[in-house]
Trainee: 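Have a look at this one.
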Amino acid sequence: MLAELENDLIVHIKVSSLGAKLRDVAGLPDLTGESLINRFATDAPAVYVAPAAFQIESRSAKVHFGIACVARNSRGQTAARVGEAIGPVGLYEMLESITNLLNEAQINKSIWKATAVDFMNDELLYKAGLTAGVVQIETRVKQFTL
């Protein structure tokens, strides 16, 4: 079930107008530290989908996902956040687009709700010229199975 939800989200983002501006839309890579930052730097602008905590109630669950948005711009952190008229998409545009795309969106049997946006402040990201944020989303799944 989690794999199906993740795949549905990835496909939905890929076929959107934002998806056309991105280098990659995928599940969050199974990497950490500098390896993950290097992947982000190679792929930016990119969006990664990752399952988060979920609560189980009887045979249903409230499932949470994080949609990580990563931007990079050779002109610096501000340009990476704000974007430019010509050039890579900025972080703010990605976060706004993902929020609008997924809030109250019905994808297959799931209705999604955007609940928060978090900014990632990490020295490794900053040193790599990256800026990132995560849109938190959730859905309720009936007949929950792993």
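Nothing here was measured: the structure is a model prediction, and the numbers come from that model.
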Trainee: What verdict does the side chain to side chain contact (heavy atoms under 4.5 Å, CB included) test give for Trp112 and Asn103, after you've listed the backbone C-alpha separation in whole Å, the side-chain angles of each residue and the deciding distance to 0.1 Å?
Mentor: CA-CA 6 Å; Trp112 292 91; Asn103 193 41; over 6 Å; no

Trainee: Among residues two or more places apart or on two chains, list those pairs meeting salt bridge (charged side-chain N to carboxylate O under 4.0 Å, His left out) that have a residue in residues 34-56.
Mentor: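 Qualifying pairs, neighbours excluded: Asp24-Arg39, Arg39-Asp43.
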
Trainee: Answer yes if Val15 and Phe65 sit in the same cluster of Ile, Leu, Val, Met, Phe, Trp and Tyr residues linked by side chain heavy atoms under 4.5 Å apart, and no otherwise.
Mentor: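 Unlinked, Val15 and Phe65 end up in two clusters.
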
Trainee: If hydrophobic clusters are built by linking Ile, Leu, Val, Met, Phe, Trp and Tyr wherever their side-chain heavy atoms come under 4.5 Å apart, do Leu36 and Leu124 end up in the same one?
Mentor: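 Result: yes, single cluster for both.
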
Trainee: To the nearest 0.5 Å, what is the distance between CD1 (Ile67) and CD1 (Ile137)?
Mentor: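 Here the rounded value is 4.0 Å.
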
Trainee: Check Pro51 against Glu6 and note the closest heavy-atom contact, atom names and distance.
Mentor: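 Residues Pro51 and Glu6, closest heavy atoms: CD-OE1, 3.8 Å.
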
Trainee: Taking all non-hydrogen atoms of both residues, which atom of Gly27 and which atom of Ile10 are closest, and how far apart?
Mentor: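 In this case the closest contact between Gly27 and Ile10 is N-CD1, 3.4 Å.
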
Trainee: Let me confirm one number: the CD-CD1 distance from Glu104 to Ile111, rounded to the nearest 0.5 Å.
Mentor: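 Interatomic distance, Glu104 CD to Ile111 CD1, rounded to 0.5 Å: 9.0 Å.
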
Trainee: Are the side chains of Leu22 and Met94 in touch, meaning some heavy atoms are under 4.5 Å apart?
Mentor: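 Contact flag for Leu22/Met94 side chains = yes.
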
Trainee: Can you see which heavy atom on Ser110 is nearest to which on Leu5, and at what distance?
Mentor: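 The answer is OG-CD2, 3.3 Å.
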
Trainee: Which heavy atom of Val70 sits nearest a heavy atom of Ala132, and at what distance?
Mentor: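 Smallest heavy-atom distance, with atoms named: CG2-CB, 4.2 Å.
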
Trainee: Rounded to the nearest 0.5 Å, how far apart are CG of Leu9 and CD1 of Ile107?
Mentor: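 Leu9 atom CG to Ile107 atom CD1 measures 5.0 Å (nearest 0.5 Å).
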
Trainee: List the atom of Leu130, the atom of Ala44, and the distance in Å for their closest heavy-atom pair.
Mentor: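 So the two residues come closest at CD2-CB, 4.1 Å.
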
Trainee: Please identify each residue that fulfils side-chain hydrogen bond (donor to acceptor under 3.5 Å, both in side chains) with Gln55, with sequence neighbours left out.
Mentor: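 Partners of Gln55 by the side-chain hydrogen bond (donor to acceptor under 3.5 Å, both in side chains) criterion, ordered by chain and then number, come out as His64.
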
Trainee: Can you name the nearest heavy-atom pair linking Ala50 to Leu28, along with the distance?
Mentor: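 Nearest pair, atom of Ala50 first, then Leu28: CB-CB, 3.9 Å.
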
Trainee: Taking the side chain as every heavy atom from C-beta outward, state whether Leu2 and Phe54 have any pair of such atoms under 4.5 Å apart.
Mentor: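 Leu2 vs Phe54: side chains touch.
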
Trainee: Supply the atom-to-atom distance Glu93 CD to Cys69 SG, rounded to the nearest 0.5 angstrom.
Mentor: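 Reported value, rounded in 0.5 Å steps: 10.5 Å.
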
Trainee: Taking side-chain contact (heavy atoms from CB on, under 4.5 Å) as the definition, give me every residue that meets it alongside Arg23, ordered by chain and number, with sequence neighbours left out.
Mentor: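 Residues passing side-chain contact (heavy atoms from CB on, under 4.5 Å) with Arg23: Pro45.
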
Trainee: Hey, any chance Val47 and Phe119 share a hydrophobic cluster, counting ILVMFWY side chains that come within less than 4.5 Å of each other, even indirectly?
Mentor: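 They do share one cluster, since a chain of ILVMFWY contacts under 4.5 Å joins Val47 to Phe119.
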
Trainee: Any chance you could lay out the side chain to side chain contact (heavy atoms under 4.5 Å, CB included) test for Thr99 and Val117, step after step, and finish with the verdict?
Mentor: CA-CA 8 Å; Thr99 300; Val117 174; 4.0 Å; yes

Trainee: Could Lys142 and Glu57 be called an ion pair, given the rule that one side-chain N must be under 4.0 Å from one carboxylate O?
Mentor: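 No, no charged N to carboxylate O under 4.0 Å.
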
Trainee: With sequence neighbours excluded, tell me which residues meet side-chain hydrogen bond (donor to acceptor under 3.5 Å, both in side chains) with Asp8.
Mentor: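 Scan of Asp8 (side-chain hydrogen bond (donor to acceptor under 3.5 Å, both in side chains), adjacent residues dropped) gives Asn108.
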
Trainee: Could you state the interatomic distance from CZ (Arg140) to NZ (Lys62), rounded to the nearest 0.5 Å?
Mentor: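 With rounding to 0.5 Å, CZ (Arg140) is 5.5 Å from NZ (Lys62).
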
Trainee: Under the rule for side-chain hydrogen bond (donor to acceptor under 3.5 Å, both in side chains), what residues qualify as partners of Gln106, not counting sequence neighbours?
Mentor: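 For Gln106, no residue satisfies side-chain hydrogen bond (donor to acceptor under 3.5 Å, both in side chains) once neighbours in sequence are set aside.
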
Trainee: Look up atom CD1 in Ile98 and atom CG in Leu18, then write down how far apart they are to the nearest 0.5 Å.
Mentor: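 Reported value, rounded in 0.5 Å steps: 5.0 Å.
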
Trainee: Answer whether the closest heavy-atom distance between the side chains of Thr139 and Lys113 falls below 4.5 Å.
Mentor: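 A side-chain contact under 4.5 Å is absent here.
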
Trainee: Yes or no on side chain to side chain contact (heavy atoms under 4.5 Å, CB included) for Tyr48 and Val25, after CA distance, side-chain angles and deciding distance?
Mentor: CA-CA 6 Å; Tyr48 302 99; Val25 179; over 6 Å; no

Trainee: Apply side chain to side chain contact (heavy atoms under 4.5 Å, CB included) to the pair Ile13 and Leu101, showing each step before the final yes or no.
Mentor: CA-CA 8 Å; Ile13 295 166; Leu101 179 66; 4.0 Å; yes

Trainee: Once side-chain hydrogen bond (donor to acceptor under 3.5 Å, both in side chains) is applied, do any residues pair with Asp118, and if so which ones, sequence neighbours excluded?
Mentor: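 With neighbours one apart ignored, the set is Gln136.
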
